[in-house]
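Report on the structure given below.
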Amino acid sequence: ASAIACDEPALPLRQNRDLLEAGLGQADLHHVDAGVEDVLDRAGGGEEESTFEHLRARLPWLALSYLGGVLSFVLLDWMLGLREREGWMPLVGFLPLLLTMGSTSGQQSGTVTVGAFKSAHFDFRQIREHLLNESRIAVSVGLLFSVITWCLVAFYFQGRGGPMAMGASLALAVQITISMMLGNAIPLLIRKLGTDPTVVSIPLLLMLSDLVSIAVLFRIAARFILP
């Protein structure tokens, strides 16, 4: 097989960029980096983007996940008659919403952080700045969907909608915030331990997010709903 001629000096690829046993020209490497940057920007992971731009990139998919959680609640209400039930039973309807919003928001944050590792765009000296930015995004997303939840639940449950809406909206805000922070913290910790966060982060995040969902719902929401 004939070798491919290249006028540009080949750059040896390093293991920390996950490109092994190959060589790329400078122009090719530039195209790779540009493509990765574009993917991260679309996912809301560009480090130079504002908080608003991060939110704009992530919100459509969070909204889709939220719609799935709301439809799950309606389905459970149709099968179990949650609006007519007393005690803790109505809380069951909110569990799918917390589960799906926690997993989606956490996976978004985790994917962005892992993607930054892979593209060599992340500098561990910027951890504090990265976490502060992600904290602002987490709080913003949590507040937005908690307000929407409060309005929907207050309307849906009517007479006793006040306590139900307060409990559900507060639980969702806490769940989203914790899940997004876990999504950022887990890859960082795994990377610090010298393990590849690509295959470990998401399963660990989902397990913790599910546990947080149950704990948050039945500890926070129950204080407002149960006598």
Side-chain angles (χ1 to χ4, degrees), residues 13-20 29 32-62 65-66 98-146 171-217 219-220:
L13 300 179
R14 300 177 182 178
Q15 185 176 0
N16 63 356
R17 301 188 67 177
D18 297 320
L19 300 171
L20 304 177
L29 190 58
V32 171
D33 286 340
V36 172
E37 287 178 0
D38 181 66
V39 171
L40 288 175
D41 289 343
R42 291 176 181 272
E47 292 299 324
E48 296 181 356
E49 291 185 343
S50 66
T51 301
F52 175 77
E53 290 170 328
H54 280 271
L55 288 171
R56 187 175 61 179
R58 302 185 196 188
L59 279 177
W61 311 111
L62 288 169
S65 181
Y66 184 84
L98 266 69
L99 289 172
T100 186
M101 290 301 293
S103 62
T104 302
S105 59
Q107 285 186 68
Q108 281 186 339
S109 298
T111 300
V112 166
T113 301
V114 172
F117 291 155
K118 294 299 180 181
S119 64
H121 283 277
F122 189 84
D123 188 344
F124 271 94
R125 292 172 296 182
Q126 300 175 338
I127 288 180
R128 184 172 180 272
E129 179 182 351
H130 175 76
L131 292 179
L132 285 175
N133 187 49
E134 288 294 319
S135 298
R136 289 192 293 267
I137 297 172
V139 172
S140 300
V141 171
L143 288 176
L144 173 62
F145 284 103
S146 67
L172 183 62
V174 173
Q175 166 69 6
I176 290 175
T177 302
I178 293 177
S179 295
M180 292 186 73
M181 295 312 299
L182 286 174
N184 286 281
I186 290 175
L188 289 172
L189 292 174
I190 293 175
R191 182 65 178 266
K192 277 293 188 181
L193 294 175
T195 305
D196 184 3
T198 305
V199 295
V200 180
S201 299
I202 299 303
L204 183 58
L205 168 64
L206 292 178
M207 180 192 70
L208 294 176
S209 179
D210 290 348
L211 293 175
V212 170
S213 296
I214 297 173
V216 165
L217 183 62
R219 294 297 298 177
I220 295 180

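Everything quoted here is computed from the prediction, not taken from an experiment.
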Locate the shortest heavy-atom distance separating [X] from [Y]; write the atom from each residue and the value.
X: Ala173; Y: Ser146; answer: CB-CB, 3.8 Å
X: Leu55; Y: Ser140; answer: CD1-CB, 4.0 Å
X: Phe145; Y: Leu59; answer: CE1-CD2, 3.9 Å

Mind listing the side-chain donor-acceptor pairs of residues 181-190 below 3.5 Å, one per line with the distance, residues two or more places apart or on another chain?
{"residue": "Asn184", "atom": "OD1", "partner": "Thr113", "partner atom": "OG1", "Å": "2.9"}
{"residue": "Asn184", "atom": "OD1", "partner": "His130", "partner atom": "NE2", "Å": "3.1"}
{"residue": "Asn184", "atom": "ND2", "partner": "Glu134", "partner atom": "OE1", "Å": "3.2"}
{"residue": "Asn184", "atom": "ND2", "partner": "Met180", "partner atom": "O", "Å": "2.8"}

With sequence neighbours left out, what residues match Arg136 under side chain to side chain donor-acceptor pair (under 3.5 Å)? Asn133

Sorted by chain and number, sequence neighbours left out, side chain to side chain donor-acceptor pair (under 3.5 Å) with Thr104 holds for Ser65

Please enumerate all residues that pass side-chain contact (heavy atoms from CB on, under 4.5 Å) together with Arg219, with sequence neighbours excluded. Arg223

Side chains of residues 198-208: which donor-acceptor partners sit under 3.5 Å, not counting sequence neighbours?
{"residue": "Thr198", "atom": "OG1", "partner": "Lys118", "partner atom": "NZ", "Å": "3.1"}
{"residue": "Thr198", "atom": "OG1", "partner": "Asp196", "partner atom": "OD1", "Å": "2.9"}
{"residue": "Ser201", "atom": "OG", "partner": "Pro197", "partner atom": "O", "Å": "2.7"}

Roughly how far, to the nearest 0.5 Å, is [atom2] of [Y] from [atom1] of [X]?
X: Ser209; Y: Leu99; atom1: OG; atom2: CG; result: 7.0 Å
X: Ile176; Y: Ser213; atom1: CD1; atom2: OG; result: 10.0 Å
X: Tyr66; Y: Leu144; atom1: OH; atom2: CG; result: 9.0 Å

Min side-chain heavy-atom separation Ser109-Arg58 under 4.5 Å: yes

